[in-house]
Amino acid sequence: MNLLPVLLIILMSIIAFVAMGVDKRKARQHQYRISEKTLWIVALLGGAIGSYLGMIFFRHKTKHLNFRIGFTLLAVGQLTLLFWIYFIRDYR
């Protein structure tokens with residue numbers, strides 16, 4: 001069983017979660033922010049679960065419909081992909 005996909009998603013999710021927290025703190029302090037493009041790229045590269053959890057935990061970007069829907073769908077997609085890799089594909 002290859003653990004690389006799981007490790008990638010865990011690492012990228014940690015990075016995404018931290019990025020959401022840092023961006024929220026910078027928003028409160030009226031400082032230079034992390035771009036939305038960067039947040040999306042991290043989510044697309046495997047950090048959607050962390051992005052979603054960071055959005056909920058820090059209450060950040062929750063008013064943006066594209067983040068609420070997009071991060072949720074990406075997180076479900078990444079979880080589904082992991083499920084397929086480890087349970088369905090190996091079952092065949």
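By convention here, the first residue in the shown sequence is residue 1.
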Engineer: Walk me through whether Gln78 and Tyr52 qualify under side chain to side chain contact (heavy atoms under 4.5 Å, CB included).
Structural biologist: CA-CA 12 Å; Gln78 288 175 10; Tyr52 174 77; over 6 Å; no
Engineer: Nearest 0.5 Å, what's the CD1-CE distance between Ile56 and Met20?
Structural biologist: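 Ile56 CD1 to Met20 CE: 9.0 Å, rounded to 0.5 Å.
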Engineer: Is there a chain of hydrophobic side chains (I, L, V, M, F, W, Y, each step under 4.5 Å between heavy atoms) that links Ile15 to Ile9?
Structural biologist: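 Different clusters.
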Engineer: Could you note down all residue pairs passing side-chain hydrogen bond (donor to acceptor under 3.5 Å, both in side chains) where residues 7-23 supplies at least one of them, sequence neighbours left out?
Structural biologist: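 Sorted result for residues 7-23: Asp23-Arg33, Asp23-His60.
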Engineer: Linking I/L/V/M/F/W/Y whenever any side-chain heavy atoms sit under 4.5 Å apart, do Leu11 and Tyr86 land together?
Structural biologist: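 Different hydrophobic clusters.
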Engineer: From Ile10 CD1 over to Leu3 CG, what is the distance, rounded to the nearest 0.5 angstrom?
Structural biologist: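 The CG atom of Leu3 is 8.5 Å from CD1 of Ile10, to the nearest 0.5 Å.
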Engineer: Parallel, tilted or perpendicular: which one describes the rings of His64 and Phe67, with boundaries at 30° and 60°?
Structural biologist: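 Judged by the thresholds at 30° and 60°, the geometry between His64 and Phe67 is perpendicular.
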Engineer: Hydrophobic clustering (ILVMFWY, side-chain heavy atoms < 4.5 Å, transitive) - are Leu79 and Phe87 grouped together?
Structural biologist: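 Yes, because Phe87 and Leu79 connect within a single hydrophobic cluster, where side-chain heavy atoms sit under 4.5 Å apart.
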Engineer: Go through the structure and list residues passing ring-ring contact (aromatic ring centres under 6.0 Å, His included) with Phe17, not counting sequence neighbours.
Structural biologist: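 For Phe17 the ring-ring contact (aromatic ring centres under 6.0 Å, His included) partners, ignoring immediate neighbours, are Phe57, Phe58.
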Engineer: What residues form a side chain to side chain contact (heavy atoms under 4.5 Å, CB included) with Leu4, not counting sequence neighbours?
Structural biologist: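 For Leu4 the side chain to side chain contact (heavy atoms under 4.5 Å, CB included) partners, ignoring immediate neighbours, are Asn2.
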Engineer: Are Phe71 and Val18 connected, step by step, through hydrophobic side chains (Ile, Leu, Val, Met, Phe, Trp, Tyr) whose heavy atoms are closer than 4.5 Å?
Structural biologist: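 Yes, one cluster joins them.
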Engineer: Using the side chain to side chain contact (heavy atoms under 4.5 Å, CB included) criterion, which residues pair with Val76? Sequence neighbours excluded.
Structural biologist: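 Result, side chain to side chain contact (heavy atoms under 4.5 Å, CB included) vs Val76: Thr80.
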Engineer: Does Leu53 belong to the same Ile/Leu/Val/Met/Phe/Trp/Tyr cluster as Ile14, with side-chain heavy atoms less than 4.5 Å apart forming each link?
Structural biologist: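 Looking at the clustering, Ile14 is in the same group as Leu53.
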Engineer: Report all side-chain donor-acceptor pairs from residues 37-51 shorter than 3.5 Å, counting only partners two or more places apart or in another chain.
Structural biologist:
from	atom 1	to	atom 2	distance (Å)
Thr38	OG1	Ser35	OG	2.8
Ser51	OG	Gly47	O	3.0

Engineer: Got a sec, which pairs hit salt bridge (Lys or Arg N to Asp or Glu O under 4.0 Å) with one end in residues 52-78, sequence neighbours left out?
Structural biologist: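 Matches after skipping sequence neighbours: Glu36-Lys61.
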Engineer: Which distance, rounded to the nearest 0.5 Å, do you find between the CD1 of Ile88 and the CG of Leu81?
Structural biologist: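 Answer rounded to 0.5 Å: 12.0 Å.
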